[in-house]
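Here's the structure we're looking at; comments come further down.
Here is the naming used below: chain letters follow the sequence lines, and residue numbers restart at 1 for every chain.
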Amino acid sequence: MEKYNHEKVEKKWQKIWEDTDAFKAEDDYSKPKFYGLVEFPYPSGVGLHVGHVRAYTSLEVIARKRRMQGYNVLFPIGFDAYGLPTENYAIKTGQHPRKVTDQNIKVFTQQLKSIGYSFDWDRVIDTTDPEYYKWTQWIFLQMYKHGLAYKDHTYVNFCTHCKVVLSNEDFRDGKCDRCGSDVIQMEKDVWFLKIREYAEKLLKGLDDVDYLPRIKTEQKNWIGKSVGAEINFNIKDHDQKLKVFTTRADTLFGVTFMVIAPEHPIIEELASDIQNMDEIAKYKKEAQHKTEFERVQLMKDKTGVQIKGVTAINPISGKEIPIFVADYVMMGYGTGAIMAVPAHDTRDWDFAKKFNLPIIEVIKGGNVQEEAYTDVASGQLVNSDFLNGLEVKKAIPTMIQYLEEHHLGKKTINYKMKNWAFNRQRYWGEPIPIVYCDHCGIVPIPEKDLPVELPKVTHYEPTDTGESPLADIPEWVNTTCPICGRPAKRETDTMPQWAGSSWYFLRYTDPHNTKALADMDKMKYWLPVDWYNGGMEHVTRHLLYSRFWHQFLYDIGVVPTKEPYKKRTAQGLILGSDGEKMSKSKGNVVNPNDIIAEYGADALRTYIMFIGDYEKPAPWSENGLKGCNRFLERVWRLQEIVKDGEEYSPRLESDMHKTIKKVSEDYEAMKYNTAIASLMTLLNHFYDVGTVTKGELSTFLKLLYPVAPHITEELWQIIGEDGMLHQSSWPEFDEDKTVDDVIEMAVQINGKVRGKIQIAIDAAKDKAHNLAFANENIKKFVDGKKVVKEIYIPGKIYNIVVK
RNA sequence: GCGGAUGUGGCGGAACUGGCAGACGCGCCAGAUUUAGGAUCUGGUACUUCGUGUAUGAAGGUUCGAAUCCUUUCAUCCGCACCA
């Protein structure tokens with residue numbers, strides 16, 4: 001027997017799989033289908049990460065198993081290739097992003113193939129391919145036609161370093177998520193998608209899908225639904241009303257002032273009556289310069305300015321109350337104005353204390369002069385006229401009903417989720433298919449003229465003005481209006497990175513279609529995605545965005561299912577061997593290439609699956625990897641002890657059935673670590689016995705195949721089995737044979753194990769009693785004591801209680 | 001602050017519905033083999049004052065029996081965050 005040569009064997013089988021189109025998904029509608037999806041990588045310059053390996057190997061195992069179970073399997077891969085790192089690299093090195101992207105895709109493809117993934121390489125997608133982004137633009141146009149895409153003049157977050165407008169998702173703590181620089185507020189006209197209109201559908205759809213509970217929870221929190229009321233406050237001596245959103249309509253009698261966001265438009269509307277406009281303008285300017293970070297960090301120190309000359313009227317008590325401008329109220333949530341109830345809201349309380357405003361208790365139970373009393377669950381209303389004596393839960397609907405009857409307000413639902421800022425001021429993205437005509441206004445590009453291709457240019461550095469580099473290319477910007485033919489200008493913003501990934505799973509079902517984003521019959525067969533696996537970091541943005549697009553496409557009849565993904569799971573992070581997140585600066589990054597070169601793809605795959613609980617982060621360990629390599633070499637040597645015989649030998653029969661059951665179930669539950677552990681145990685048993693029948697070995701190879709396909713395929717051939725493993729069938733087990741007739745049962749005295757007995761699994765109690773009391777050690781413990789009680793659970797335990 | 005988790009040997013982690021805690025792997029120890037190193041093989045490995053002892057972050061409780069259920073508490077991680 002030759003020593004196992006992983007390099008030779010792995011290359012051999014990778015070539016055979018490729019030459020025979022072994023993993024091609026066929027549009028054979030007569031077969032049951034399985035569509036397994038993994039998040040396609042961003043082809044960065046650093047190449048594949050071991051994190052990718054963990055994310056992909058999990059569904060790879062399922063996909064290989066499904067083929068053996070007779071499914072027609074679609075297991076595709078592609079590249080989400082638009083993005084800043086490529087563009088920045090291109091700027092730095094002077095190479096065109098197209099060239100950089102192509103190089104990176106090549107490297108990624110080679111790496112993915114060297115791991116032996118069973119992707120269908122005929123269906124590869126590249127989001128930067130005009131044939132692909134043509135349909136990304138097409139979907140945008142459908143959204144525009146249905147009123148879901150709109151342009152709005154807002155304050156945006158501009159990163160001075162990346163020279164790019166950031167979405168709310170791309171910056172944290174007031175810093176740019178990519179470069180860490182400070183972010184400033186800037187006024188700009190940008191495109192938005194009305195994802196908020198789908199908030200309710202996105203929430204409801206969660207009831208019908210099988211996502212990990214924490215994923216559903218994160219999505220719910222992100223959407224942030226809250227039920228409350230909109231209440232109108234009159235401005236004294238004016239026609240204007242100040243609208244507020246509150247979840248606590250019951251506290252209306254406790255409102256002693258109002259606060260509006262610095263950006264609130266009513267300031268401009270009432271400017272002529274505001275006596276301290278200078279002061280307010282100054283405050284507004286300061287607030288704009290504050291980063292979100294400062295606004296949050298300084299939360300304890302409330303700032304604000306009273307609007308002098310204008311007051312509001314509490315609609316229910318008729319009292320005149322002051323209005324303040326303060327940056328603790330955000331224009332982006334609710335109506336940008338609040339009714340302040342200092343007695344029962346901590347922020348309002350802080351503000352009231354600082355500005356010496358009255359605090360009126362309306363819910364009994366606390367000392368509101370000392371601190372805000374915010375316990376909603378209990379408490380009765382006081383100082384509240386017709387609400388007095390009611391409990392909070394009752395008082396809220398009562399008040400809302402009153403408000404509705406008197407046209408002072410109405411029940412409203414509010415969402416935290418903001419509309420999707422759908423724009424980037426960069427070169428390397430999908431052009432937004434819109435032109436601006438002085439005569440016709442905003443004009444969508446006709447569908448027949450798609451794609452609007454990115455112009456091939458030599459410079460793509462962003463500008464200082466917040467405009468896209470495309471704005472500097474007059475021959476591209478200047479065009480004619482599709483409606484009237486007069487001169488017009490193109491939209492120069494591009495789409496955000498999330499665009500291309502919002503529908504890629506549809507394209508995999510029919511990647512070369514030139515007439516539609518995908519053929520309806522093909523989508524009807526393949527959709528929905530049966531199982532989607534990816535990172536936790538994508539479960540809010542990407543997963544919500546793509547569900548939004550899919551739900552919209554369903555509503556306009558373009559796709560056949562309401563939801564895109566039936567099931568969604570997520571893997572934990574692979575940490576460096578120091579337990580820290582892998583990063584270049586820490587020098588703890590593991591490169592899959594090195595591992596494959598030294599130990600082979602099968603060892604890498606096996607170890608990554610064995611490393612620990614799939615959903616939890618796990619530190620990399622070179623020794624752990626070696627252990628898995630040792631396991632595979634022990635598997636290789638099984639060929640030395642194999643003997644003829646298709647049957648399972650009596651000594652191993654029950655082990656075989658147990659292992660088939662365990663491995664089958666554990667793979668499905670993503671408990672890869674325990675599945676592999678049970679295969680290791682079975683392997684140990686083979687060596688304990690000293691021989692293994694061909695039947696036993698081929699079952700073992702089938703079970704291990706999804707994790708370590710190369711070595712098992714080679715052994716399969718060596719022992720003379722027919723065909724390749726993916727053409728074989730997944731082993732069956734006999735439930736009866738997974739249960740032993742006679743087991744070793746623990747006998748306890750007062751709950752502590754004091755002896756063991758050999759007993760039939762269904763033995764009667766008196767039989768168990770006799771065996772237990774015949775045990776020497778048990779006798780010793782019972783001797784001289786009084787037996788109070790005996791508990792016998794057949795197949796589990798015999799417990800004797802003594803005194 | 002709100003929401004979600006997680007806490008088990010030297011390490012990664014097992015443990016069905018409450019029923020022998022520590023599967024499997026790593027590491028470590030001893031032995032075999034080897035010129036040596038490495039590799040491989042065999043055996044051992046929670047702690048222990050060796051007790052009828054202790055032990056699943058800590059403290060209580062329910063139970064014949066608790067890692068698992070309940071109460072309190074501590075720690076760590078993740079997500080959201082002045083959300084009205």
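The same atom, C1', is picked in B/A15 and in B/A23; the two are 8 Å apart, to the nearest Å. B/A46 and B/U34 have their C1' atoms separated by 34 Å, with the value rounded to a whole Å. Across B/U42 and B/C47, the matching C1' atoms stand 26 Å from one another, rounded to whole Å. Taking the C1' atoms as reference points, B/G27 lies 35 Å from B/G65, given to the whole Å. When the P atom is compared between B/C20 and B/C16, the two are found 10 Å apart, to the nearest whole Å. For the C1' atoms, the distance linking B/U68 with B/G57 amounts to 16 Å, nearest Å. Here, B/C77 and B/G31 have their P atoms 44 Å apart, quoted to the whole Å. Distance noted for atom P between B/G61 and B/G79: 39 Å (whole Å).
Within 90° of 0 lies the glycosidic angle of B/G51, which makes this nucleotide syn. Classification of B/G9 as syn follows from a glycosidic angle within 90° of 0.
Distance A/Q219 CD to B/G3 C1': 15 Å, rounded to the nearest Å. Rounded to whole angstrom, the span from the CG atom of A/D613 across to the C1' atom of B/U8 amounts to 14 Å. Atoms CE (A/M339) and P (B/C83) sit 15 Å apart, rounded to a whole Å. Atom CD in A/E622 sits about 15 Å away from atom C1' in B/C11, given to the nearest Å. Between the CD atom of A/E218 and the P atom of B/C2 there is a distance of 18 Å, rounded to whole Å. Summarising the geometry, the separation between NZ on A/K243 and C1' on B/A84 is reported as 16 Å, rounded to the nearest angstrom. Atom pair A/F233:CZ and B/A84:C1' shows a separation of 12 Å (rounding to whole Å applied). B/C64 atom C1' lies 5 Å from atom NZ of A/K789, rounded to whole Å.
Side-chain atoms of A/W636 never come within 3.5 Å of backbone atoms of A/N5 as a donor-acceptor pair (strictly under, hydrogens ignored). Remark: side-chain polar atoms of A/Y687 are paired, donor with acceptor, to backbone N or O of A/R634 under 3.5 angstrom.
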Pairs under 3.5 angstrom, nitrogen or oxygen only, protein versus nucleotides 49-55 of chain B, please.
{"from": "B/G53", "atom 1": "OP2", "to": "A/R754", "atom 2": "NH1", "distance (Å)": "3.4"}

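With distances taken from any side-chain atom of A/P619 to the nucleotides B/G12, B/G3, B/U6, the minimum falls on B/G12. For A/N221, whose side chain is taken as the heavy atoms from C-beta onward, the closest listed nucleotide among B/C80, B/G3, B/A84 is B/G3. When distances are taken from the side chain of A/V801 to each of B/C83, B/C80, B/C64, the shortest belongs to B/C64.
Side chain to side chain, A/T569 and A/N533 meet the donor-acceptor criterion of an N or O pair below 3.5 Å.
When the options A/D740, A/D741, A/D736 are evaluated for a side-chain hydrogen bond (donor to acceptor under 3.5 Å, both in side chains) with A/S654, the one that passes is A/D740.
Few gaps surround CD on A/E665; more than 12 heavy atoms of other groups in view lie less than 6.0 Å from it. Applying the 6.0 Å contact sphere to NZ of A/K216 captures more than 12 heavy atoms from other residues, nucleotides or ligands. Annotation: A/K779, atom NZ; neighbour count of heavy atoms from other residues, nucleotides and ligands within 6.0 Å is above 12. Other residues, nucleotides and ligands contribute over 12 non-hydrogen atoms within 6.0 Å of the NZ atom of A/K354. Applying the 6.0 Å contact sphere to NZ of A/K658 captures more than 12 heavy atoms from other residues, nucleotides or ligands.
The base of B/C82 sits within donor-acceptor range of the side chain of A/K302, with an N or O pair under 3.5 Å.
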* Heavy-atom protein contacts under 4.0 Å, nucleotides 19-44 of chain B, coded B base, S sugar-phosphate only, - none -> BB--BBSSS------------SS---
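Aromatic pair A/Y607/A/W620: ring centres closer than 6.0 Å.
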* Quick one: the dot-bracket string of RNA chain B, using Watson-Crick and G-U wobble pairs with both distances under 3.5 Å, [ ] for crossing pairs and | for bases paired to another strand. => (((((((..(((......[....)))((((((.......))))))((.....))..(((((..]....))))))))))))....
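Counting non-hydrogen atoms under 4.0 angstrom, A/P617 reaches the backbone sugars and phosphates but no base. Among the protein residues, A/K803 comes within range of no part of the nucleic acid, since none of its heavy atoms lies under 4.0 Å from any strand.
For A/K302 and A/Y328, the positive end sits near the middle of the six-membered ring, less than 6.0 Å away and at most 45° from its axis.
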* Could you walk me through whether A/F257 and A/F351 pass the ring-ring contact (aromatic ring centres under 6.0 Å, His included) test, one step at a time? => CA-CA 10 Å; A/F257 60 100; A/F351 196 83; 5.6 Å; yes
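Ring geometry for A/W420 versus A/Y545: interplanar angle under 30°, hence parallel rather than tilted (30 to 60°).
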